[in-house]
Amino acid sequence: MATAAGGFVANLGSPGLLHLLSFFALLAGLCRGNSVERKIYIPLNKTAPCVRLLNATHQIGCHSSISGDTGVIHVVEKEEDLQWVLTDGPNPPYVVLLEGTLFTRKVMEKLKGSTSRIAGLAVSLAKPSPPSGFSPSVQCPNDGFGIYSNSYGPEFAHCGEIQWNYLGNGLAYEDFSFPIFLLEDENETNVIKQCYRDHNLNQNGSAPAFPLCAMQLFSHMHAVISTVTCMRRSSIQSTFSINPEIVCDPLSDYNVWSMLKPINASGTIEPDDRVVVAATQLDSRSFFWNVAPGAESAVASFVTQLAAAEALHKAPDVTTLPHNVMFVFFQGETFDYIGSSRMVYDMEKGKFPIRLENIDSFVELKQVALRNSLELWMHTDPMSQKNESVQNQVEHLLTTLQKSGTGVPAVVLRRLNQSQPLPPSSLQRFLRARNISGVVLADHPTVFHNRYYQSIYDTAENINVSYPEWQSPEEDLNFVTDTAKALADVATVLGRALYQLAGGTKFSDNIQADPQTVTRLLYGFLVRANNSWFQSFLRQDLRSILGDGPLQHYIAVSSPTNTTYIVQCALANLTGEVTDLTREQCQDPSKVPNENKDTDRLPRCVRSTARLARALSPAFELGQWGSTEYSTWTESRWKDISARIFLIASKELEFVTLTVGFGVLVFSLIITYCINAKADVLFIAPREPGAVSF
């Protein structure tokens, strides 16, 4: 036993065992670290950041320092509360929790002018939506990239005649040097406010005592200055670095398009073939990244066009019509017409089956859900109509539309003064390349009716889509709202007009859009994407993109986006033909060309002309990052975006803690040195045990 005990003491004194014990102690500390962190910090999981976007000349958006920005929380519920943050508060910098109704240009200019006292901003959602309206976009969307310029229609350039988005405050196009986050969850907002009330409220005008409730915001952006700068840096990295660090990416996605009558998509149609184009946009945006409900800005229009496509395909004689019809859904129109400018570019270069010369007429839907009474307004371009031939074609187009509306009492099509310019629209990009007859259908004669254009409040409620509270989600899906009925009427007019423009005469009155289709589409895009109807036409591997909330319609940089996928599948199933192909044939496009495959709970294959076309600005194709002809928008990259709250101590206590910690470190080093110097005395190695005889 003595020998065993001696060996045990010797092992304790060995350096190897000491190192092993130290390793296990460190490992135990690391394991406990996560638990300590959870006790210190409360993460905010349902937030949306403002990120940095760049174009040829500017950077816009928000960013934080590389380690995040931290500040004492101060709740601002009325404008007078800003005084504490801007001048009176003794513990700057502050993170302002701003009520949604105060998220205005006036307030933001005050905060922007006092960056030394502002560490960041957290914005809560206003409920209900601000009654006076809120649009962070500019008053003249896509200015400089449409048809009007100082050399062509100068009286209409820069929205000189009509400021279309008259409520636009331009906040989404400003550059902020501090992070700004949207608080999407009311419960998290209440937690922050409770922390503020418990620790930060000043008593009787005196400064609150430490510890104080603070917030830390992480949203460090890698790109700076402009697209030219960030793309050049990324290009240099890609050329000379083994592991390049890309700092920004072009905004891009795919346009969705289909033909009424099938064509050979790998070639081009004959020069004499005529095509009627029905167009709308898929995307929207807001001040915050990937929060783009776009109910009136985009969804109502592309839902209406989907319903019109379904109705038109049911006409008995569509395959024998003299002209073809192309349905196109443009992506990236919010950012200087990315999708339409790319399609025009491809048409000009012969990279698209349809050429500009093949276009007979162009009908575009643009914000159609907020009609006053029954009126739908027909906007045309006054400049192109100076050409007599184009004017006659436009007159024929307007007459056909009005004739199509006579059988739909709920829609009254109105003409506008011929001297009024076009609103921001994809048609402008086509007119920029070629004079064609075109019209934009909208619910507004002049300025937008949409008070929440490109904002977080452009939701289902904005276009009056609501459901009885007692209904189940499945019942809501099939509940035909008044808005769905109104949009179905517009879709009927559009379908009949396209039929007549394509040369049809016999079955115009038989074309009728289905309100059930419209209401299901509205529910899926604006209320709950994860529903039985969307699941029924999406492939099994795509159903994971369906969430329990509405879809967001920001173009982003990873493509195709969820909206693009679903619109393509919806278009294929609403206009396609169920075939008897096997699963293998349907899922392998190389075996059966021109197939749009789709499998639902009862497996089936759908033959459709619905396809995708790249929606990347030609500026990046050409390497012209400073282009003024094409969109140059890019999105900065980042590594971490997060927000959390915690309690912070006073500067004095932090200094004392640092000093004591440094003193303990020095004392430990001294003790360690002394022990090491006297190790031969303090740690005597035991003698080797003698031989044991029995």
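If you're wondering where the values come from, they're calculated on a predicted model, not measured in any experiment.
No side-chain heavy atom of Asp482 sits under 4.5 Å from any side-chain heavy atom of Val465. Put simply, the side chain of Leu183 does not reach to within 4.5 Å of the side chain of Lys46, judged on heavy atoms. Proximity of Ser226 to Thr57: side-chain heavy atoms (C-beta onward) are nowhere separated by under 4.5 Å. At least one side-chain heavy atom of Ser532 sits less than 4.5 Å from a side-chain heavy atom of Leu477. In this structure the side chain of Leu182 reaches within 4.5 angstrom of the side chain of Leu125, judged on heavy atoms. For the pair Pro560 and Leu612, the minimum side-chain heavy-atom distance is below 4.5 Å. Within the 4.5 Å cutoff, no side-chain heavy atoms of Thr481 are placed close to those of Val518.
Here the two rings, on Phe330 and Tyr337, have centers that are 6.0 Å apart or farther. Aromatic ring centres of Tyr94 and Phe178: separated by at least 6.0 Å. Aromatic rings of Phe479 and Tyr523 (six-membered ring for Trp) have centroids beyond the 6.0 Å cut-off, not under it. Between Phe448 and Tyr166, the ring center distance fails the sub-6.0 Å criterion. Phe288 has its ring centre no less than 6.0 Å from the ring centre of Phe181.
Salt-bridge formation is not detected for the pair Arg233/Glu245: no Lys NZ or Arg NE/NH1/NH2 atom is positioned less than 4.0 Å from an Asp or Glu carboxylate oxygen. Between Arg52 and Glu635 there is no salt bridge, since none of the side-chain N atoms of the basic residue sits less than 4.0 Å from a carboxylate O of the acidic one. No salt bridge links Lys78 with Glu99; every basic N to acidic carboxylate O contact stays at or beyond 4.0 Å. Taking a cutoff of 4.0 Å between a charged side-chain nitrogen and a carboxylate oxygen, Lys127 and Glu461 do not qualify as a salt bridge.
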Dump the intermediate steps for side-chain hydrogen bond (donor to acceptor under 3.5 Å, both in side chains) on Asp69 and Ser64, then the final yes or no. CA-CA 6 Å; Asp69 291 336; Ser64 74; 4.8 Å; no
What's the verdict on side-chain hydrogen bond (donor to acceptor under 3.5 Å, both in side chains) for Asp198 and Gln194, showing C-alpha distance, side-chain angles and the deciding distance? CA-CA 6 Å; Asp198 292 343; Gln194 187 60 49; 2.9 Å; yes
Trace of the side-chain hydrogen bond (donor to acceptor under 3.5 Å, both in side chains) decision for Thr561 with Thr564: CA-CA 5 Å; Thr561 61; Thr564 301; 3.1 Å; yes
Between Thr87 and Gln83, does a side-chain hydrogen bond (donor to acceptor under 3.5 Å, both in side chains) hold up when you go through it step by step? CA-CA 6 Å; Thr87 56; Gln83 188 70 22; 2.8 Å; yes
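Closest non-hydrogen pair, Ala570 versus Leu521, comes out as CB-CD2, 4.4 Å. Glu296 and Asp458 make their closest contact through N-OD1, 3.0 Å (heavy atoms, listed as atom of the first residue, atom of the second, distance). A pairwise comparison of heavy atoms in Gln237 and Asn243 identifies OE1-O, 4.4 Å as the closest pair. Between Leu538 and Cys569, the shortest heavy-atom distance links the atoms CD2-SG, 3.6 Å. Of all non-hydrogen atoms in Leu98 and Phe103, the two that sit nearest each other are CD2-CA, 3.8 Å. Considering all non-hydrogen atoms of both residues, His199 and Leu212 come closest at O-CD2, 3.4 Å.
Tested against Met215 for a side-chain contact (heavy atoms from CB on, under 4.5 Å), the candidates Thr70, Leu44, Leu97 yield a single pass: Leu44. No option in Thr563, Asn562, Asp283 other than Thr563 meets the side chain to side chain donor-acceptor pair (under 3.5 Å) test with His553. No option in Gln305, Glu333, Gln331, Lys366 other than Lys366 meets the side chain to side chain donor-acceptor pair (under 3.5 Å) test with Gln281.
At least one donor-acceptor pair closer than 3.5 Å links the side chain of Ser617 to the backbone N or O of Ser631. Using a distance-only test at 3.5 Å, with no hydrogens or angles considered, no donor-acceptor pair links the side chain of Ser252 to the main chain of Ala615. Between the side chain of Ser284 and the backbone N or O of Ala298 there is no donor-acceptor pair closer than 3.5 Å. Judged purely by atom type and a 3.5 angstrom limit, Arg528 has no side-chain atom pairing as donor or acceptor with the backbone of Glu474. The closest donor-acceptor contact from the side chain of Ser668 to the backbone of Val664 lies under 3.5 Å. Between the side chain of Asn200 and the main chain of Cys213, a donor-acceptor pair closer than 3.5 Å is present. Remark: the backbone N or O of Ile463 is paired with a side-chain donor or acceptor of Thr483 at under 3.5 angstrom. A donor-acceptor contact shorter than 3.5 Å links the side chain of Thr227 to the backbone of Leu54. Ser636 places a side-chain N or O within 3.5 Å of a backbone atom of His222 that can act as its donor or acceptor partner. Between the Arg539 side chain and the Asp541 main chain, no donor and acceptor come within less than 3.5 Å of each other.
For CG of Leu653, the number of neighbouring non-hydrogen atoms (other residues, nucleotides, ligands) closer than 6.0 Å is greater than 12. In Ile42, the CD1 atom is not crowded: 12 or fewer heavy atoms of neighbouring residues, nucleotides or ligands sit closer than 6.0 Å.
Aromatic ring pairs are classed by plane angle as parallel below 30°, tilted from 30° to 60° and perpendicular above 60°; the pair Phe525 and Phe534 is perpendicular.
Rounded to the nearest 0.5 Å, atoms CG (Leu217) and NE2 (His63) are 13.0 Å apart. Between Gln139 atom CD and Gln163 atom CD the span is 5.0 Å, to the nearest 0.5 Å.
Stacking of Arg644 on the aromatic ring of Tyr41 is recorded, both the 6.0 Å distance cut-off and the 45° axial limit being met.
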